[in-house]
Amino acid sequence: MKKIIQLFIKNRILVAILLLLALSSWSTVALASANAVVVRSDSVNVRIGPGLSYANMGQVKKGDKLAILDEKNKWYQVRLSGDKIGWVASWLIDNTDVSSATNKIGIVKVPNTTVFKSADAGSNVLGTIEQSQKVTIMYQEQDWTQILYNGTAGWVKSSFIQGTQETSGSTVSSNTSSDNDIKKVTVTQPNTKLRIEPDQNGRVVKTAKVGKQFDYLGKDGKWYKVRDSDGSVGYVASWVVTISGTKSAVKSAATNISEATIVIDPGHGGNDSGAESKKNTYEKNFTLAYAKAIKNELEKTGARVVLTRSGDDSKSLGERARLSSKIQADAFISLHFDSSAQENAGSGVTTYYYNKDKDGSLADDLNSQLKNLSIGNRGTAQKDLYVLHYNSQPSVLIELGYINSNTDYKYINSDTYKAEVAKDVANGLKEYFK
């Protein structure tokens, strides 16, 4: 009797297990049926990951019904025969007219346009494309455009590509030239640091001179992983080198002022009052007021403007210069007012730069507009100033007149002159970003 009871219990357990398996199977089928798509294109590639850069693992054909398991970045994860799992592009499923001949052609508008692996500026860099080069556009989504690059897919900023009415067919190469692959990075700034980690506080492995080349190994955020000829490996900041061994530095991403990020640095602040006028007013207060006026004027153009200080704060020279690098500003402008050893001994506006190659164009374009100010213009001049010397971005320091000159001060202390300066700086930057 005991054996019969044990057998009965075993059978009940077996029936329960089979029932659970059946329900599980039914649930899976029901889920697939509720989340399924039918392929309408003649054929669609299935890839091992959600992107055209992933390897192709097969194809599905028109009429095939696919169960959707997941969705990521506009890609469907689907189950195939034999319980294989793969990814298909959602925009190709219902596309009945997909072929290489129907892809649109775009023209690159910006010099040394960077091609990323994903639609993310923090992803790995595949290489660069020269200005005016034609590319095959595969897909667009808001700020990013996917193009055919070296036989795979890459992403570039949509604002850097100008669309055409031309279709690809056989008219455009897919950028197969190995010259576009990143093989080298070339240092463009003096005393460039090779660091052990992709961080400005990382330990310095060595210091490199302008023109020094490293082998490119990869990208981590805004840093390039590189190897020197002696085998040492480290990271260099992307904003102090140019990629692919080109002779010129990678230019600003901004092609007009509306795309630019600009740092305005009101000199002095906090315990550092700067120069004092005969009226017992201080330079630090004027630089902040002028910085805010310039910020308001620039924001009318659509530019992003960041102040190194927005109140009566103490900021070190290092903090001011590093902010420019940290946010990869397209221009840095430090504001000051001159003072002579004796009252009324000096007058005029001066625009200073440190590195002619890096800063010269910015200084010239700004100075060409500042010549129109009520206070006389002393032109541009090279000067080794901390916020310029240790600034990786194009930078200038403008002395907007002599605060201890009676003639200059009457303008400096007026709203009219302040408005003139703001407009002239904005016009100078418009010219610079053309």
Side-chain angles (χ1 to χ4, degrees), residues 51-53 73-74 89 91-92 95 97-182 219 238-239 242-244 246-262 298 300-304 328-331 361-362 365 394 426-427 429-434:
L52 289 169
S53 58
N73 299 332
K74 300 186 184 295
W91 64 91
L92 298 179
N95 189 347
D97 190 26
V98 176
S99 72
S100 62
T102 60
N103 287 325
K104 295 293 184 181
I105 297 304
I107 298 176
V108 178
K109 297 192 298 182
V110 180
N112 293 321
T113 290
T114 304
V115 184
F116 296 93
K117 184 176 181 179
S118 306
D120 179 1
S123 66
N124 287 338
V125 173
L126 299 180
T128 58
I129 306 176
E130 294 300 320
Q131 188 175 22
S132 301
Q133 185 170 328
K134 290 184 177 181
V135 294
T136 298
I137 296 175
M138 304 178 71
Y139 178 62
Q140 288 184 301
E141 56 175 39
Q142 297 180 342
D143 297 333
W144 291 90
T145 295
Q146 191 177 53
I147 63 169
L148 188 62
Y149 183 81
N150 285 349
T152 185
W155 293 86
V156 297
K157 281 284 190 178
S158 294
S159 57
F160 296 174
I161 300 288
Q162 177 180 339
T164 69
Q165 297 301 312
E166 186 179 355
T167 56
S168 56
S170 59
T171 61
V172 178
S173 70
S174 59
N175 306 314
T176 54
S177 171
S178 60
D179 291 341
N180 285 323
D181 295 334
I182 301 181
K219 187 171 185 286
S238 61
W239 56 89
T242 181
I243 57 180
S244 300
T246 53
K247 293 181 180 179
S248 58
V250 177
K251 296 184 180 180
S252 161
T255 55
N256 59 63
I257 195 171
S258 66
E259 300 172 352
T261 295
I262 300 161
L298 286 174
K300 294 176 185 177
T301 70
R304 176 193 177 202
Q328 291 196 45
D330 297 291
S361 295
L362 178 61
D365 287 335
N427 288 333
L429 286 169
K430 286 178 185 177
E431 192 67 28
Y432 176 69
F433 288 113
K434 276 185 179 179

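Bear in mind that the values here come from a model prediction, so they are computed numbers and not experimental data.
- Remark: the backbone N or O of Ser159 is paired with a side-chain donor or acceptor of Lys109 at under 3.5 angstrom.
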Stepwise side-chain contact (heavy atoms from CB on, under 4.5 Å) test for Phe433 and Ile262 = CA-CA 11 Å; Phe433 288 113; Ile262 300 161; 4.3 Å; yes
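- The minimum heavy-atom distance between Gly106 and Ile161, with the atom names listed, is CA-CG2, 3.9 Å.
- Between the side chain of Asp330 and the main chain of Thr261, a donor-acceptor pair closer than 3.5 Å is present.
- By the side-chain contact (heavy atoms from CB on, under 4.5 Å) test, Thr113 is found to be paired with Val108, Val110, Val156, Phe160, residues two or more places apart in sequence or in another chain being considered.
- When all heavy atoms of Ile257 and Ala303 are compared, the pair lying nearest together is O-CB, 3.4 Å.
- In this structure, Asp365 and Asn427 have side chains that are not in contact, with every pair of non-hydrogen atoms separated by 4.5 Å or more.
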